[in-house]
Protein chains: 2
Amino acid sequence: MEQLLRIAPLFQGLTQNDLLPIANASRKVFCAAGQQLFIEGDPAIQFFLVLKGSVRLYRLTHDGKEKVIEIIRTGETFAESVALLDRPYPVCASAIETLEMIAIPAEVIKAQVKQNTGLALKMLASLSMRVHRFVNDIHALSMSTAQQKVAGYFLAFLSEDMGEQCIQLPSTKALVAARLGLQPETFSRVLGRMKDQGVIREENAQVIVLAPEKLRQLRDE
Amino acid sequence: MEQLLRIAPLFQGLTQNDLLPIANASRKVFCAAGQQLFIEGDPAIQFFLVLKGSVRLYRLTHDGKEKVIEIIRTGETFAESVALLDRPYPVCASAIETLEMIAIPAEVIKAQVKQNTGLALKMLASLSMRVHRFVNDIHALSMSTAQQKVAGYFLAFLSEDMGEQCIQLPSTKALVAARLGLQPETFSRVLGRMKDQGVIREENAQVIVLAPEKLRQLRDE
DNA sequence: GGAAGGACTTGACGGCGGTCAAGGCAAGCA
DNA sequence: TGCTTGCCTTGACCGCCGTCAAGTCCTTCC
C-alpha cells in the first residue's frame, strides 16, 4: 500500500514512518465505468488517488446539463482540498473507465498534516499547482473562439519540441468537448478545419499534431 | 504592523510570537490608481495583503486584450499560492484604485510555514477556499447566457435572506463585465432588462436586488 | 459658464456557435 | 447478412453576443 501511495507527488519523499498511519487507514476501491463516486453536497469524508482509469469531476447546471470541471487521470489525486475543510464536495464525480483507486480518510490526512510539516508542505505545493491550473483554465475558457480553445488544449499536451507529436485523448471526444465548454458538433467542426489546413491528422483515436507552430498561430489568432 | 496583519483570515488566531518574524520582514506599500504591481512571468518574491483599495489580476491574451481573472478587495490576500512555489507569477496585477497594502516576502512565509503547523493549516484552508471559488468561477463562466452569468454573480453577494438587498459593485461596471467575460455593452443591456422586469434597481452606484427569488429563477433559466 | 473627457447607454448589424435533424461508420450480436 | 447501438460528422437555421457608432449624463477643469 505504501508503494502505491508513493505514485502521487503528494506522498513522494515522505519517510515510511510518516506514510504508515495513512497507508493503514486507506483502502483500495474498484469501480465500474460510469459509476457515481459521490455527488455535489455529499460530506467529504475521504479523498482519492487514481491508480488506473480516469474520473470525471462535473457539476449539474440547474437545467440538468452537466459541466465538466476537471478530468482526473491515472496517478493524480483529487478532492484533497475538500478533505481539509469541513465542507461537502463542491462537485460530482463519476468513473469514465473501469477504475482502481485508493480512498484516504479525511480525518487521517488532517491529523497527519498537523503533525508532519513535510506533508503539509507537499499539500500546499499540490494545492498551489491546482490553483495555477485553474487560472489557466479560466483564461482558456474565456478565450473567444472554439478554435482557440481547442488549439490551447492540444498545446498543453505538447512538449516544447517542434516536430510531429502524438496526443492520446482522454476518453471520448464528446467529453473533451464538454471540458472545453463546447458542443460535440462544434468540436468536430474545429477538428475538421484543422485537418483541412494540414495542422493535425487523426489515426485510431489519436490526434497527431503535424505542425505545432501552426497550432500556436491558431491559438494566438 | 501585527494588528494590520490580523485583518487577513490567514493570520487570525496566530500568537504574537508566530507573527513577529513575518511582521518584521513585511513593509507597507502604497500605489496610485492604475499602477502595475507585477506582470506575468515576474519572479514571485512576495505576496500581498490589501489594506485599502482593490486590485485587478488579469492576463493578456495573445492579441493584446486583457482577461480579468480575479478582483481582490480590501482585507483579502493574493499571490500566496505562488509565494510557496518557486515559480513566477501566473498573472499580471495592477491597482484599480489608490492602494494600500502589506508586502510579505515569500522567503519569510516559506520559512514560517515549515516551523509553524498552525500557519501551514491556515494557508491550506485559504488555498482550499480559493480552489473552491475557482470551481465556482469555471462553472459560472461556462454557463451559457450573459443573463445567467450576471444573475449568478449577484447571487454570490447575497445572503440567504429573501428581502431587498444592496450590492456595492467593486469599481466600475466595465470591470465587472470583464470579470464575467462580457462586453460592457452586453452587461449594460442585461442590467437594463433586469430593471424592466423589476428584479433590480440602481441607486448611486449601488445595485439593489428587489427580488432575489426572481434572480435565482433567471440564473436557472 | 463652457469645454472636455470618461462612464454608461442604446441602436444596428454580422458572425460564431448552439440546436435540431439526418446520415455515416464501426462494433456487437443473432 | 441484417439489425441495433453508440460515436462521430455534416448540414441548415437561428439567437446571442461582440463590434461599431452615436448619443446621454456626469464630473472635472479652465
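Letters go in sequence order (proteins before strands), and every chain restarts at 1.
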What is the distance, rounded to the nearest whole Å, between atom [atom1] of [X] and atom [atom2] of [N]?
X: A:Phe187; N: C:dC16; atom1: CZ; atom2: C1'; answer: 17 Å
X: B:Leu175; N: C:dG6; atom1: CG; atom2: P; answer: 16 Å
X: B:Met194; N: C:dT9; atom1: CE; atom2: P; answer: 13 Å
X: A:Arg193; N: D:dT9; atom1: CZ; atom2: C1'; answer: 14 Å
X: B:Gln148; N: D:dC16; atom1: CD; atom2: P; answer: 11 Å
X: A:Gln183; N: C:dC16; atom1: CD; atom2: P; answer: 18 Å
X: B:Glu202; N: C:dT9; atom1: CD; atom2: C1'; answer: 11 Å
X: B:Leu191; N: C:dT9; atom1: CG; atom2: C1'; answer: 11 Å

Does the plane of the ring in B:Phe134 sit parallel, tilted or perpendicular to the ring in A:Phe134? Use 30° and 60° as the thresholds. tilted
When A:Glu185 and A:Ala146 are each assigned the nearest nucleotide of DNA chain C, the 5'-most assignment goes to A:Ala146
For the side chain of A:Thr74 and the backbone of A:Gly53, is there at least one donor-acceptor N/O pair under 3.5 Å apart? yes
Return the minimal non-hydrogen interatomic distance between A:Arg73 and A:Val50, and the atom names on each side. O-CB, 3.9 Å
Ignoring backbone atoms, test whether [X] places a side-chain nitrogen or oxygen under 4.0 Å from the OP1 or OP2 oxygen of [N].
X: B:Lys149; N: D:dC17; value: no
X: A:Ser188; N: D:dT9; value: yes
X: B:Thr186; N: D:dG18; value: yes

Does any N or O donor sit under 3.5 Å from an N or O acceptor when you compare the side chain of A:Arg189 with the base of C:dT19? yes
Let me see the working for B:Glu80 and B:Ser126 under side-chain hydrogen bond (donor to acceptor under 3.5 Å, both in side chains), right down to the final yes or no. CA-CA 9 Å; B:Glu80 329 88 293; B:Ser126 166; 3.3 Å; yes
